[in-house]
Amino acid sequence: MYLAIRIRPVSQGREPTNASNPQQTCTQDLHAVLRQMSASLAEQSVEFTFKTMTFPPPPLSLSVKQVAFSASLLASGSGYVGPFNTDTPLRFTHVVTNIGSAYNPNTGFFIAPLRGAYHFEFYIGAHGDASHATCAVLVKNGEQVFMAWEQQPSYYGSSSNGVTLLLAVGEVVFLRLCVNTRIYDNENHLSTFSGHLLFTM
C-alpha cells in the first residue's frame with residue numbers, strides 16, 4: 001500500500017500572509033489520508049472476520065468413523081435364553097470386537113454414533129424341540145426389520161439373517177427373542193450378533 005500526500009505549492013512572487021499555512025494544510029491532508037486508511041482497514045478486518053466464521057467445519061477424524069462390533073450370546077458356560085411369555089430384548093454379552101463402543105452388552109443395544117449405512121448379521125440356534133422354536137427379530141427403533149426362525153423336533157438347528165440399514169445418529173438396533181422361543185449358546189459361541197459401518201452419509 002502506497003501513501004500519496006499532495007502539498008499545495010505557494011504561488012511565485014507572492015509571500016504567504018501566514019508562514020504556518022502550508023504546514024497546516026499538509027497536516028490536514030495527512031490527517032484526512034490517515035482517517036481514510038483507518039476506515040478502509042476496519043472494513044477489511046470485518047470482512048475477514050466474517051469470512052473466517054463462515055468456513056465449513058473440519059471433517060471428523062478417521063478414528064471416529066471406525067465402527068464395528070461382534071458378540072456372542074453367553075459370556076461363559078452353556079445354556080438357553082428363553083422361552084418367555086413375551087418378546088424379550090437379547091443381550092449378547094461375550095464381546096469380541098467393539099470398535100467405536102457403539103454396542104452396549106449390558107442392554108444389547110447398538111446406538112449409531114454417525115449417520116451412515118450399517119450392515120448387521122445375526123446367527124441363532126438351539127437343539128430340536130417340538131414345543132419351542134428358535135426365533136430372533138432384528139429391531140430398529142422399536143420396529144421389526146428382519147426375522148430368523150428355525151424349528152425341528154430333534155437335533156441341532158440354526159438360522160440366520162442380515163440387513164443393511166441407513167441410520168441417523170442416535171438410532172437404535174437390537175435383537176429381540178420372539179415370544180415362547182429359545183436360543184442356545186456355549187463356549188463355541190454359536191449364537192452371535194455383529195454389525196459395522198459401511199460408509200457415512
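Numbers here are sequence positions counted from 1.
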Side-chain (Thr192) to main-chain (Ala71) donor-acceptor, under 3.5 angstrom:
no
Heavy-atom pair of closest approach, residues Ile183 and Ser191:
CG2-OG, 3.2 Å
Hydrophobic clusters join Ile, Leu, Val, Met, Phe, Trp and Tyr when side-chain heavy atoms are under 4.5 Å apart, directly or via other members; which others share one with Val169?
none
Output every pair passing ring-ring contact (aromatic ring centres under 6.0 Å, His included) with a member in residues 66-92, not counting sequence neighbours, ordered by first then second residue.
Phe69-Tyr103, Phe69-Phe110, Phe69-Phe193, Tyr80-Tyr184, Phe92-Phe193
If you look only at pairs with a residue in residues 120-138, which of them pass as a salt bridge (charged side-chain N to carboxylate O under 4.0 Å, His left out), with sequence neighbours excluded?
Asp129-Arg182
Applying disulfide (SG to SG under 2.5 Å) as the test, list every pair that has at least one member in residues 82-111; sequence neighbours left out.
none
With sequence neighbours left out, the residues meeting side chain to side chain contact (heavy atoms under 4.5 Å, CB included) with Val179 are Asp87
Results of side chain to side chain donor-acceptor pair (under 3.5 Å) for Asn98 - residues two or more places apart only:
none
Indicate, with yes or no, if Val67 and Leu138 share a hydrophobic cluster defined by side-chain heavy-atom contacts under 4.5 Å among Ile, Leu, Val, Met, Phe, Trp and Tyr.
yes
For the student: nearest non-hydrogen atoms of Val172 and Ile111, plus distance
CG2-CG1, 4.1 Å
Residues 194-201, side-chain donor-acceptor partners within the protein, below 3.5 Å, at least two apart:
from   : atom 1 : to    : atom 2 : distance (Å)
Ser194 : OG     : Ser70 : OG     : 2.7

Examine distances only and state if a side-chain atom of Asn188 and a backbone atom of Leu190 form a donor-acceptor pair shorter than 3.5 Å.
no
Going by the rule side chain to side chain contact (heavy atoms under 4.5 Å, CB included), which residues pair with Asn106 if we only count those two or more places apart in sequence or in a different chain?
Asn104
Selection residues 148-167 - residue pairs positive for side-chain hydrogen bond (donor to acceptor under 3.5 Å, both in side chains), sequence neighbours left out
His119-Thr164
If you compare all heavy atoms of His132 against all heavy atoms of Pro83, which two are closest, and at what distance to 0.1 Å?
CE1-CG, 3.6 Å
Just grab all the disulfide (SG to SG under 2.5 Å) pairs involving residues 106-144, residues at least two apart or on different chains.
Cys135-Cys178
Any chance the side chains of His189 and Ser72 put a donor and an acceptor closer than 3.5 Å?
yes
Inter- and intrachain pairs under side-chain hydrogen bond (donor to acceptor under 3.5 Å, both in side chains), touching residues 134-148, at least two apart
Asn141-Glu171
Rounded distance (nearest 0.5 Å) linking atom CG of Asn180 with atom OG1 of Thr86
11.0 Å
